[in-house]
Amino acid sequence: MLHPESPVTGQTRMDSAWGSQTGDEDVHAKVTQASVDAGQIFEQEYKPWNGTLNPRWMRNWAILRHHLLGIVFKGHRPWGVVTRIVLLLIFLGSLSSAAMVLLSGVVGDSTLASMWGINRENMYGHVLGFFPRNIIFYPIIAAILVGGMISEDRSNGTSALYFSRPISRVDYTSMKFLSIAIILFFVIDGTLAVYYFAEVLVMGRGWSWILDTFPMFLLAAFSGLLLAITYTSIGLALSSLSKGRFFPGIGLLAVIMGTKTLAAIIEALFDKTILYVISPFDCIAHIAQSLMSIESTYQHPWTWSLASIVCINIGALYILTARVSTLEVTRE
Amino acid sequence: MVESLLIETRNLTKSYGPHVALDDLNLNIPHGATGLLGPNGAGKSTFLKTMLGLIQVTSGEGSILGYDIRTEGEEIRSKIGYMPEYDALNPKMDAIYQVQYSGELLGMNPNIALSRAHQALEYVGLGEQRYRTVETFSTGMKQATKLACALVHDPELIIADEPSNGLDAKAREFMLQTLENTVRQGQKSVLMASHLMEDVERVCENIVLLHKGKLAAQGKIEDLKAIDKEVEIHVWGHATKMEEGLLDKGMKVRREGRVMRVRYQDDSTYHTILSTAAKCETQIRKMHDHEASLEDLFLVIMERLGYDVKGSEALLGDLS
């Protein structure tokens, strides 16, 4: 029997197929017809929708959800696998202080507890300790997060998706900013809260201890918030300048590390700390040291660092808003 | 402002420093499908941005769907579905979620937006492909996804910027049919910017032609075609004599062999043609009104504006 798709190409093949007969019979070769592309049944029907559109806050919530839930769920902003893994690793790494508190509690060693337990230096260190948190953890996660946040809208043209809808540029920028700041805040201050409350639970701290240490916790959390805001504003400003992910990421690392390195060289050469005012990290560290009454490692007044960090944020936000205002709806 | 008009502008002017992008535009665009035409730099993009309420006009006023373009941009963009010319989709997202998100950006509840996204993608022919990422789509499928994004909230007006750009014949046909259906079946208005005359003629009843920021022509295509109405005759014998006879009587004649086109002036044109033929002993084997194409119409308009153009490609491309 012929295979349905076997081509019948000529007499020779027919003879071969029917050769057991005499050739005089009234026989017919059954050849399957070539399949006909009948298409698919498709009836185009316009379906109206008479619903009501929600107000501005719902639209802004949609942008925020899109970016935040995308880290965990499908159907929202597709964050890369590497980003998710790095975020998870850094989050777990940031929980190391809480883990040490748990270990102290389990072992029951008071030396360990005093070394890793809650005090102003350790809380400062959780947020603004240089190694590994502010040389590896927080700058890297900030760089990975901000990379494509605005630049991808420019390169993919998805800015048109926002601005052809009732989304203002202020709302767009604010929600993008909040998305990154919330993730950073969660990693920095969320783990700080876990660290603090792990001590309360594991060491069985009472209300008096909480009342005594909670203001310090709040000041450390405020410093963490300042760090998250500053890294976000610098990172988003760089993202708004670019069409790719690499430049904003590496740019942010260069700004954070480069300014600190330069200031450190000047300090080593001239024994002057004033140049640390150009380093965002050092400005926040200096402010935090003053707020938390920790011995300062800088010679200049902390208000200079405060003024500097305000200027850095204003400058970054100015670049960000100026660049966002150039995002086009029609062709660029 | 007249409520029944889709778009109305009065002395609308938009300047960027010394450059006048829109120059004293007075438009009256009715509901239905309208083609927006013009060469590069004519002001089409500025016009669209102005209509979306994204840029402030320098002077004049305008309304779209009854909303003031100067003060009610947010309301306007809620009522409009905009389909951009270039890629405006996240390549890593599934089409369904892309359309859902565009609905959420309008203020739709996420579940309703998802439900509408299914309907919109089904409508644009991507029902089976809706869970594929946009990066795996062909150009036609991407265009269809953009249209679905524009249709997700059932807008009163769809602004489609070059909807058939880069599409093959089949995809182009489907896109045009979809836009036609949206107008006829969905009772929606479409403002379609395109450089393809055939596409505009197929979908739209009205056109607006911009040139150097000024309004070159507007109105119903049928009405505009009347300015270039000709009578086509197929003759046999003494064609040259016939042509000369018509020219002597002040008629405007274009001839190619035995086929002549005589500019229609009034109903006496037919009598003039027949009497001239009788006088020249020329047989007229066929005579009918010649329906000008949109392309012909633009050549006439540009000729009147003082430009010597060979066709729409020159008209919409290099002319400046």
Side-chain angles (χ1 to χ4, degrees), chain A residues 39-67 69-70 73-81 83 148 152-169 171-172 175 325 327-332, chain B residues 44-46 48-49 52 54 73-78 80-94 96-98 100-102 104-110 112-114 116 119-120 122-125 127-128 133 149-154 159 161 177-178 181-182 185-188:
Chain A
Q40 63 186 82
I41 298 167
F42 173 69
E43 195 176 332
Q44 196 171 43
E45 186 189 356
Y46 190 89
K47 291 182 180 167
W49 180 69
N50 298 315
T52 310
L53 296 175
N54 288 300
R56 180 183 178 188
W57 70 266
M58 191 73 174
R59 300 193 292 264
N60 290 346
W61 172 232
I63 302 176
L64 196 62
R65 275 175 66 244
H66 178 68
H67 291 92
L69 296 186
F73 301 110
K74 191 175 164 60
H76 302 276
R77 183 185 190 272
W79 295 89
V81 176
T83 305
E152 72 179 12
D153 283 335
R154 201 180 282 278
S155 62
N156 295 334
T158 34
S159 55
L161 200 66
Y162 290 97
F163 301 130
S164 63
R165 281 153 178 76
I167 305 284
S168 71
R169 283 163 205 267
D171 290 350
Y172 168 85
M175 291 306 115
S325 70
L327 286 170
E328 282 283 6
V329 171
T330 54
R331 95 175 67 76
E332 293 213 30
Chain B
K44 294 194 300 292
S45 294
T46 306
L48 291 181
K49 281 190 274 188
L52 287 166
L54 290 170
E74 202 171 283
E75 287 82 357
I76 290 170
R77 293 194 296 277
S78 297
I80 285 177
Y82 178 67
M83 178 187 170
E85 176 189 354
Y86 56 87
D87 276 353
L89 303 166
N90 190 327
K92 302 283 181 196
M93 277 182 86
D94 294 354
I96 185 76
Y97 299 124
Q98 185 79 73
Q100 180 195 14
Y101 184 50
S102 68
E104 288 180 46
L105 288 177
L106 286 148
M108 292 173 87
N109 176 291
I112 293 171
L114 184 61
R116 274 295 295 175
Q119 288 180 358
E122 185 72 35
Y123 178 68
V124 300
E128 300 295 321
T133 53
C149 288
L151 292 172
V152 68
H153 60 305
D154 187 23
I159 296 180
D161 198 352
Q177 191 188 328
T178 305
N181 271 355
T182 309
Q185 194 188 92
Q187 296 291 301
K188 303 296 165 191

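In what follows, chains carry the letters A, B, and so on, assigned in the order in which the sequence lines appear, proteins first and then strands, with residues in each chain numbered from 1.
- Taking A/H76, A/R59, A/M58, A/R165 one by one and counting their heavy-atom pairs under 4.5 Å with chain B, the maximum is reached by A/R165.
- B/T178 touches chain A through backbone and side chain together, each having a heavy atom under 4.5 Å away.
- Options B/K92, B/M93, B/K188 differ in how many heavy-atom pairs under 4.5 Å they form with chain A, and the most are formed by B/M93.
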Test B/Y101 against A/I63 for side chain to side chain contact (heavy atoms under 4.5 Å, CB included), laying out the working first. CA-CA 9 Å; B/Y101 184 50; A/I63 302 176; 3.9 Å; yes
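- Proximity to chain B among residues 49-57 of chain A is limited to A/W49, A/L53, A/N54, judged by heavy-atom separations below 4.5 angstrom.
- Proximity to chain A involves both the backbone and the side chain of B/L106, based on heavy atoms less than 4.5 angstrom apart.
- Pairing each heavy atom of A/A160 with each of B/Y86, the nearest pair is CB-OH, 4.0 Å.
- Counting only heavy atoms from C-beta outward, the side chains of B/P84 and A/V329 never approach each other to under 4.5 Å.
- Between A/E328 and B/S45 the shortest side-chain heavy-atom distance does not fall below 4.5 Å.
- Taking NE2 of A/H66 as the start and CG of B/L105 as the end, the distance is 8.0 Å to the nearest 0.5 Å.
- Among the candidates B/Q187, B/E104, B/Q177, the residue making the largest number of heavy-atom pairs closer than 4.5 Å to chain A is B/E104.
- Contact annotation for B/D94: only side-chain heavy atoms (C-beta onward) come within less than 4.5 Å of a heavy atom of chain A.
- The OG atom of A/S168 sits 11.0 Å away from the CG atom of B/L54 when rounded to the nearest 0.5 Å.
- Sorted by first then second residue, the salt bridge (Lys or Arg N to Asp or Glu O under 4.0 Å) pairs that include residues 42-51 of chain A, not counting sequence neighbours, number zero.
- With a 4.5 Å cut-off on non-hydrogen atoms, B/A120 does not touch chain A at all.
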Would A/Q44 and B/Q185 count as a side chain to side chain contact (heavy atoms under 4.5 Å, CB included) if you check the C-alpha gap in whole Å, the side-chain angles of each, and the deciding distance to 0.1 Å? CA-CA 10 Å; A/Q44 196 171 43; B/Q185 194 188 92; 5.8 Å; no
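- With chain A as partner, the option from B/Q100, B/H153, B/E75 having the largest number of non-hydrogen pairs under 4.5 angstrom is B/H153.
- Heavy-atom minimum distance, B/Y82 versus A/S164: CD2-CB, 3.5 Å.
- Each of B/I96, B/D87, B/T133 has some count of heavy-atom pairs under 4.5 Å with chain A, and the biggest count is that of B/D87.
- Rounded to the nearest 0.5 Å, atoms CG (B/L151) and OH (A/Y46) are 5.0 Å apart.
- Take B/R116 and apply the side-chain hydrogen bond (donor to acceptor under 3.5 Å, both in side chains) test, not counting sequence neighbours, and it matches B/Q119.
- Residues forming a side-chain hydrogen bond (donor to acceptor under 3.5 Å, both in side chains) with A/T158 (at least two apart in sequence, or on another chain): A/D153.
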